[in-house]
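One structure is given below, encoded as structure tokens.
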Amino acid sequence: MIDFLQTTLTSFVALIPVTLAQSLILGFVVAGIMIPFRMLSFPDLTSEGAFPLGGCVCGVALAAGLGPLAAIGLALLTGFIAGCCTAFIHLRFRIHTLLAGILVMTMLYSVNLRIMGRSNLSVFGTETIFDWVPFVQPGFPLAKIIAVGVITLAIFLALNFFFTTEKGTAVRAVGANPVMAEAQGINVWAATIGGIGLAGAFSAFSGALMVQSQGFADVNMGLGILINGLAALMIGEAIVGKATVWRQLLAPFAGAMVYYQLVSLCLAAGMPPPDLKLATGAFVLLMLALPTLRAARGRQAAAPRESFRE
Amino acid sequence: MLEIRAARKVFYRGQPDEKVALSGLDLTLNTGEFGVVIGSNGAGKSSMLNAVSGSLALDSGQILINGDDITGLPVHKRATRIARVFQDPMLGTAASMTVAENMLLAELRSKTRTLRHGLNARRLADYRDRLAILGLGLEERLNTRVDLLSGGQRQSLSLIMAVGGSPDLLLLDEHTAALDPRTADIVMEATVRAVEALKLTTLMVTHNMQHAVDYGHRVIMLDAGHVHLQIGDEEKADVTVADLIGHFATKTDRMLLAS
Ligand SMILES: Nc1ncnc2c1ncn2[C@@H]1O[C@H](COP(=O)(O)OP(=O)(O)OP(=O)(O)O)[C@@H](O)[C@H]1O
Ligand SMILES: [Mg+2]
């Protein structure tokens, strides 16, 4: 027993820096999941397609000799467009947001394959943004932690600023009550398309960083990212809360860091990797079911945990 | 000034359950005038207000505000000139946002939204003053989420949000109907005070005949999608609840005969 704990702990601790670098990168896709769900009440699945889209675009761009920044820029742009498409499909054709997201995600799979021309692509050895971190050896987790940590901080501050500006408050109003927002002169279409586009760009950004970090792109790299991201988001919200704008914005980044360490711990303890999705799904289900379960034990009927626009 | 010209709207056209909501409705409301709209259920009162606000697209006809044709404009563009309070207290405010944030959204209704910080000290002080007028203590709860307020408090907040910035037109659709009698009185009193003080051009729908008698410059009675009767000026001063109900009765009789 002691032996088991000791090996688990040593392999977990050894992996902490690698996992931290990975979780910082994936924090952006969690933010790309949080913005539609929480800021716009627009449950969205686009991230599952936008994440590999960003990765594939970045991979192809790097392979074609573009610089790492230009490759990320292209990834951001395509992710933004993907998000805009989902929002437009929902608004224009009155298709449920989840279905609109599934449509875009499914179509993106083919698009991603077309972009790469094959199912995976190695870009190992090309220059990445992690090579630019001063004083640390490139290729080591520390370089990634510093680079992505700085970007995360900058983006968190920028988001925090934006959502308290006049424009940002208007975007939040669209999520809170679209009828009221419209009556207050807010262009609901523009805010929704822009907001979901931004979320798509975040997911693609995460994918692009991941490709630069791991040295290859793969069309299947987004498989299950949405449920992982939701789990991370819920952990984040449980830790930092979501009552104020900055807490809500911090939740995805904090949640990603904790969630991926937990996953690493489970793996270190010997959980077979194929079981991971089942465990994550069960965890998300439990978090969603918790209010109903609590209510059943005594108090009156619970309000549904999630309420969204149709 | 508001002008509605020959407004027509038919739901489910050509189907067995075809409903004529507006059948060539004409109405002119002068600048600074307070019109009280009455009429039985289904007379087309809400349809008329929705057509003016833009949430209901007309089949034909025109809507003009201060001489500008706004018939083709979407809701959010019209909102720069039109403010409204909904019947449902939940509809008029953003529940998950604070009182101050809701006030900010309303203040920006007729302005361009910038990338500057929204809730600055000057604005918060202004909101405090404006909410204090209600006497409900909302001025002390600027950072409270709106979903923690009662229906009456929310509706009062909606009203203050709507009258701020002196809109060209104020639309009130049974905005006290969902409230208990005492709160309804508070909100109605605040409404009348604001409308008179700011000389707002106002259309108010009500089923309360006493309100129709007591408030406003003109009573506008709708029936079957058009203006059935208007009582203005001197005549309005002498009208009683019984008179108004009498007009309903004739209409009902006629409907009975027609059917
Ligand atoms: N969205 C809609 N779809 C179908 N029919 C509608 C719709 N909105 C209104 N109607 C119909 O149009 C007619 C006018 O309705 P409206 O809501 O304008 O009446 P109202 O005078 O506001 O009545 P109330 O006093 O009950 O609020 C009614 O016959 C109604 O059934
Ligand atoms: Mg009505």
Side-chain angles (χ1 to χ4, degrees), chain A residues 34-42 91-92 94 157-195 198 237 241-249 251 303-309, chain B residues 49-50 52-55 73-86 88-98 100-120 123 143-148 154 157-158 161-162 164-165 167 170-171 173:
Chain A
M34 182 279 287
I35 291 173
F37 270 80
R38 297 295 188 225
M39 294 290 178
L40 289 159
S41 306
F42 186 117
L91 292 166
R92 177 65 184 81
R94 294 170 182 273
L157 292 176
L159 282 177
N160 212 0
F161 173 77
F162 173 74
F163 279 110
T164 56
T165 62
E166 295 176 356
K167 270 196 205 300
T169 309
V171 172
R172 283 193 290 132
V174 170
N177 182 347
V179 175
M180 177 267 195
E182 206 176 22
Q184 302 301 344
I186 297 161
N187 187 339
V188 172
W189 274 54
T192 306
I193 292 177
L198 179 73
E237 288 175 349
K242 53 175 179 173
T244 60
V245 175
W246 74 266
R247 282 175 189 277
Q248 180 67 77
L249 290 170
R305 184 191 163 94
E306 311 291 351
S307 67
F308 295 116
R309 4 180 180 162
Chain B
L49 259 60
N50 289 337
V52 172
S53 76
S55 53
L73 292 184
V75 175
H76 69 93
K77 291 233 171 89
R78 298 188 196 197
T80 56
R81 319 176 75 169
I82 301 175
R84 80 182 294 190
V85 181
F86 295 90
D88 180 354
M90 304 301 150
L91 271 189
T93 44
S96 59
M97 299 173 79
T98 66
E101 285 170 336
N102 274 272
M103 291 290 285
L104 174 67
L105 292 167
E107 180 185 338
L108 298 173
R109 187 174 54 234
S110 53
K111 299 188 181 133
T112 342
R113 291 170 202 83
T114 67
L115 277 178
R116 277 195 293 265
H117 190 71
L119 290 172
N120 54 39
R123 279 186 169 141
N143 291 320
T144 305
R145 273 169 61 122
V146 167
D147 51 9
L148 298 176
R154 282 181 79 158
L157 172 63
S158 294
M161 285 164 58
L170 175 62
L171 300 176
D173 190 355

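These numbers come from a predicted model, not from an experiment. Proteins come first, then strands; the chains are lettered A, B, ... in the order of their sequence lines, and each starts at number 1.
Chain A forms more heavy-atom pairs under 4.5 Å with one residue of A106(B), A162(B), S110(B) than with any other, namely A106(B). Highest contact tally toward chain A, considering only T98(B), T80(B), L105(B), T114(B), is held by T114(B) [criterion: heavy-atom pairs under 4.5 Å].
Note that OG1 of T169(A) and CZ of R113(B) are 10.0 Å apart. Values are rounded to the nearest 0.5 Å. Interatomic distance, M180(A) CE to S158(B) OG, rounded to the nearest 0.5 Å: 7.5 Å. With rounding to the nearest 0.5 Å, the separation of CG in L119(B) from OG1 in T164(A) is 8.5 Å. Atom OG of S96(B) and atom CZ of R38(A) lie 11.0 Å apart (nearest 0.5 Å). To the nearest 0.5 Å, atoms NE2 (H117(B)) and CD (E166(A)) are separated by 10.0 Å. Here the NZ atom belonging to K167(A) is positioned 6.0 Å from the CG atom belonging to L115(B), to the nearest 0.5 angstrom.
Of the atoms belonging to R81(B), not a single heavy atom falls under 4.5 Å from chain A. The part of T93(B) that comes within reach of chain A is its backbone (N, CA, C, O), which places non-hydrogen atoms under 4.5 angstrom from that chain. Interface remark: M161(B) contributes side-chain atoms only to the contact with chain A (heavy atom separation under 4.5 Å). Residue S53(B) does not touch chain A at all, counting heavy-atom pairs closer than 4.5 Å. Interface remark: T112(B) contributes backbone atoms only to the contact with chain A (heavy atom separation under 4.5 Å).
Taking all atoms of both residues into account, the shortest heavy-atom contact from A183(A) to R109(B) is O-CD, 3.6 Å.
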